[in-house]
2 protein chains.
Amino acid sequence: MKVSKTEKNLPEPTKAELEILQVLWEFGPSTVRFVNDKLNAQRDVNYTSTLKQMQILTEKGILKRDESQMKHIYIPVEDESKTKDQLLDRFVNTLYKGSASSLVMQLLGNNKTSKDDIEKIKKLLNNFDK
Amino acid sequence: MKVSKTEKNLPEPTKAELEILQVLWEFGPSTVRFVNDKLNAQRDVNYTSTLKQMQILTEKGILKRDESQMKHIYIPVEDESKTKDQLLDRFVNTLYKGSASSLVMQLLGNNKTSKDDIEKIKKLLNNFDK
DNA sequence: CCAAAGGTACGATAGTTTTCGTACGAAGCA
DNA sequence: TGCTTCGTACGAAAACTATCGTACCTTTGG
């Protein structure tokens, strides 16, 4: 199973922080106003709450920002893929003792995975080790 | 075709709660003492902390207990697989917009997944739809 | 019978995460 | 110029999570 030691990395984002990261991943570097608007499409959040979160994310080193303008632009320090890797790694380790195949088995048994997705997964695997 | 009736989900277990659930999944219905001993194999926890957590889990309806003896026996209400399904589902939805194949792709790109695991996953898929 | 060991109950505290009010400066505009 | 809008900064409340101390009851063994 090879539980790789978790790389010494940035602090794990919390739930609210993850919401923000996802907006930035999807739309690229953004202002607080922009992020807050996106969040409010899903749920009510006060502007200053979002601002605070983004400031905290910056303190933690998860985001950096361009302060050259009055409206600061926030940017994720690590790219989406790397951060998700960490989260996924942690998830697999926690719930499946590090076994990716166990996770996939669960995914297949879970009837929420569509035929389409299963087909896609097959293709991925076949192309994988050439 | 599987109609997924929106199952009413139990409240999502917290981190500490998940630790306890895992002990119960691995060893079956247990007393607080037993669970606490297992936890202490990994980290220090006071007995009453574990007790409290298990009481909370019971209040939340995640565990039930047999109180017919002085030493109560705690039992998960849902089975391991179902609970993990929910957690996995939530994870996929949150991070991969519900796309299982995206998750698997990440898993493969992530070089923490061993050759062995990849082989296992292939076998799973090939046996899956026949 | 009594003390010690071991069990549950539960409130209080500590720690973390999330939310927001308030202060205040800069920009926009009539 | 003044007023209103929009921005950041930041402390602190609120909400959630985790840990533990203390009280008190039951069982055990000498």
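Proteins get letters first, then strands, A, B, ... in listed order; numbering begins at 1 in each.
- In this structure, A:Lys52 fails the cation-pi test against A:Tyr47, since its NZ or CZ atom is not both closer than 6.0 Å to the six-membered ring centre and inside 45 degrees of the ring normal.
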Protein-nucleotides 15-18 of chain C N/O pairs closer than 3.5 Å?
| from | atom 1 | to | atom 2 | distance (Å) |
| --- | --- | --- | --- | --- |
| C:dT18 | OP1 | A:Ala16 | N | 3.1 |
| C:dT18 | OP2 | A:Thr14 | OG1 | 2.3 |

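- At most 12 heavy atoms of other shown residues, nucleotides or ligands fall within 6.0 angstrom of atom CD in A:Gln69.
- The pair B:Glu119-B:Lys123 does not meet the salt-bridge criterion, since no charged nitrogen lies less than 4.0 angstrom from a carboxylate oxygen.
- Annotation for A:Val92 and A:Ser99: closest pair CG1-N, 3.7 Å, computed over non-hydrogen atoms.
- The distance from atom CG of A:Asn36 to atom C1' of C:dC20 is 12 Å, rounded to the nearest whole Å.
- A straight line from CZ of B:Arg65 to C1' of C:dT8 spans 8 Å, rounded to a whole angstrom.
- Between the OH atom of B:Tyr74 and the C1' atom of C:dA9 there is a distance of 10 Å, given to the nearest Å.
- Closest non-hydrogen pair, A:Leu63 versus A:Leu21, comes out as CD2-CD2, 3.8 Å.
- Counted within 6.0 Å of CG on A:Asp44, heavy atoms from surrounding residues, nucleotides or ligands total 12 or fewer; the atom is thus considered open.
- Listed here is the closest heavy atom pair of A:Phe91 and A:Leu103: CD2-CD1, 4.0 Å.
- Heavy-atom minimum distance, A:Val35 versus A:Ser30: CG2-CB, 3.9 Å.
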Give me, pair by pair, the N or O atoms of the protein and of nucleotides 4-7 of chain C that are less than 3.5 Å apart, along with how far apart they are.
| from | atom 1 | to | atom 2 | distance (Å) |
| --- | --- | --- | --- | --- |
| C:dG7 | OP2 | B:Arg33 | NE | 2.6 |
| C:dG7 | OP2 | B:Arg33 | NH2 | 2.6 |

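- Toward the 5' end of DNA chain C, the nearer of the two residues B:Leu51 and A:Asp44, judged by each one's closest nucleotide, is B:Leu51.
- Of the residues A:Lys38, A:Gln53, A:Arg43, the one that meets the side-chain contact (heavy atoms from CB on, under 4.5 Å) test with A:Glu19 is A:Arg43.
- Nearest heavy atoms, B:Ser81 versus A:Gln106: O-NE2, 2.9 Å.
- The footprint of chain B on DNA chain D, defined by a heavy-atom cutoff below 4.0 Å, extends from D:dT17 to D:dT27.
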